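Contents: one structure, followed by commentary.
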Amino acid sequence: MSVSIGDELAGTFAALGTLVALHHRQNTGRGQVVDASLYESVFAMMEALVPDWEVGGYQRERTGSILPGVAPSNVYPALDGSVLIAGNRDTIFQRLTEVMGQPELAADPRFATHDARGANSEELDRIISAWSSPQESGHLLDALHEAGVPAGLIYRVKDMLEDPHFKARESIVRLKHDVLGEFPMQGVFPKLSETPGSVRALGPELGEHNADVYRDLLGLSDDEVEALRTDAII
């Protein structure tokens, strides 16, 4: 994935656990340890991986851009790139076939039900790819969105920075870095109506707030701080 997804998820689950612990403390007056491991944070996202194997004898493997048994839900070629289309629900698939000009596919026994589409996903993907490949991605997206079919581009960061939806949602905010200048980063999420929150500062330099901690929070004098520094404690 090229990002540290385990670290990010562990932080998220630790925050959720902390909120639960705070609620428990308010009700009981007792605190507790919040234990959020890296592997269990990723493991929590594995859906039915375990019963698939132990109960059903099915070993999930890497599948690329598809979800096994869920179709159509894939990245399809366009004249100028690729488009992600997620039309696996029966009603959405029917709308997709109408956009494609092939409404008969919705009644085709190979594709008429969720299970049938999953079993015939490769054939269905070929049909959709043949329809999508001669068209420009912008035209495809306009037609799919108008019909209520979930679809989107495969974004790179450049696309995110230019996307009007990202701008309207303030998904990317900009702060001032002393060395790098204007610094873009993710905004606060989830968004809360009464207490929306904001990003007020970038990460501090190592030891940047030592004086605040030692003097203001711990109440140490300058001499005490210097003694700690002399003894290589800080």
Side-chain angles (χ1 to χ4, degrees), residues 1-50 60 62 64-65 67 75 84 152-234:
M1 297 181 67
S2 80
V3 295
S4 304
I5 193 67
D7 294 342
E8 303 291 348
L9 286 173
T12 300
F13 278 110
L16 289 172
T18 300
L19 292 175
V20 173
L22 285 170
H23 182 68
H24 177 262
R25 190 192 67 178
Q26 288 176 341
N27 291 332
T28 67
R30 297 191 302 274
Q32 58 186 301
V33 173
V34 178
D35 183 343
S37 68
L38 289 172
Y39 90 89
E40 284 167 320
S41 298
V42 178
F43 184 56
M45 300 289 101
M46 296 293 101
E47 298 179 347
L49 196 75
V50 173
R60 290 201 198 187
R62 294 176 182 269
S65 57
L67 289 173
V75 177
L84 171 66
L153 298 175
I154 308 301
Y155 270 16
R156 294 180 181 273
V157 174
K158 178 178 180 292
D159 303 308
M160 299 175 191
L161 289 167
E162 296 173 353
D163 186 89
H165 190 75
F166 273 68
K167 293 177 181 177
R169 292 276 296 173
E170 297 182 341
S171 301
I172 298 174
V173 298
R174 298 177 182 275
L175 284 80
K176 184 71 173 179
H177 189 279
D178 292 339
V179 177
L180 301 175
E182 189 177 78
F183 195 91
M185 61 184 297
Q186 295 93 327
V188 175
F189 182 83
K191 298 181 180 298
L192 303 174
S193 60
E194 298 299 321
T195 55
S198 64
V199 182
R200 296 182 293 276
L202 297 169
E205 295 296 328
L206 181 64
E208 180 179 334
H209 297 127
N210 280 0
D212 297 332
V213 173
Y214 299 143
R215 293 184 175 87
D216 299 339
L217 294 181
L218 299 180
L220 300 179
S221 66
D222 291 344
D223 290 341
E224 289 173 316
V225 171
E226 186 58 37
L228 292 173
R229 185 174 290 111
T230 300
D231 293 338
I233 296 174
I234 61 174

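Everything quoted here is computed from the prediction, not taken from an experiment.
D159 is listed as a side-chain neighbour of R156, based on a closest heavy-atom distance under 4.5 Å. The side-chain heavy atoms of L84 and L153, taken from C-beta on, include no pair separated by under 4.5 Å. Contact check for V188 versus V199: side-chain heavy atoms found under the 4.5 Å cut-off. Counting heavy atoms from C-beta on, the side chains of V34 and V20 never come closer than 4.5 Å. Looking at heavy atoms from C-beta onward, E8 lies out of side-chain contact with V3 at the 4.5 angstrom threshold. With contacts defined as side-chain heavy-atom distances shorter than 4.5 Å, the pair L202/K176 does not qualify.
Here the CG atom belonging to D216 is positioned 11.0 Å from the NE2 atom belonging to H209, to the nearest 0.5 angstrom. Between the CG atom of L220 and the OH atom of Y214 there is a distance of 9.0 Å, given to the nearest 0.5 Å. To the nearest 0.5 Å, atom NE2 of residue H177 and atom CG of residue L175 are 10.5 Å apart. Taken to the nearest 0.5 Å, the OG atom of S171 stands 5.5 Å off from the NZ atom of K191. Atom-to-atom distance recorded for L192:CG and T195:OG1 is 4.5 Å, nearest 0.5 angstrom. Remark: R229 CZ to N210 CG distance equals 7.5 Å, nearest 0.5 Å.
Counting heavy-atom neighbours within 6.0 Å of F43 CZ, excluding the residue itself, gives a total of 12 or less. Atom CD of Q186 has 12 or fewer heavy atoms from other residues, nucleotides or ligands within 6.0 Å. Remark: D178 CG is loosely packed, at most 12 non-hydrogen atoms of other residues, nucleotides or ligands lying under 6.0 Å away. Surrounding CD of E226 are more than 12 heavy atoms belonging to other residues, nucleotides or ligands, all under 6.0 Å away. Atom CD of E205 sits in a sparse spot, with 12 or fewer heavy atoms from other residues, nucleotides or ligands closer than 6.0 Å. For CG of L206, the number of neighbouring non-hydrogen atoms (other residues, nucleotides, ligands) closer than 6.0 Å is 12 at most.
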field: Candidate pair R60 and E47, rule salt bridge (Lys or Arg N to Asp or Glu O under 4.0 Å), full reasoning
entry: CA-CA 11 Å; R60 290 201 198 187; E47 298 179 347; 3.7 Å; yes
field: Audit row: L217, D212, side chain to side chain contact (heavy atoms under 4.5 Å, CB included) steps and yes/no
entry: CA-CA 7 Å; L217 294 181; D212 297 332; 6.0 Å; no
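Side-chain atoms of T28 come within 3.5 Å of backbone N or O of R30 as a donor-acceptor pair. Although no hydrogens or angles enter the test, the distance criterion places no donor-acceptor pair under 3.5 Å between the side chain of K167 and the main chain of I172. Side-chain N or O atoms of S4 include none that pairs as donor or acceptor with a backbone N or O of D7 at under 3.5 Å. Side-chain atoms of D163 come within 3.5 Å of backbone atoms of H165 as a donor-acceptor pair (strictly under, hydrogens ignored).
Smallest separation of non-hydrogen atoms from G219 and E224: O-OE1, 4.3 Å.
The side-chain contact (heavy atoms from CB on, under 4.5 Å) check on R200 picks up S198, with sequence neighbours excluded.
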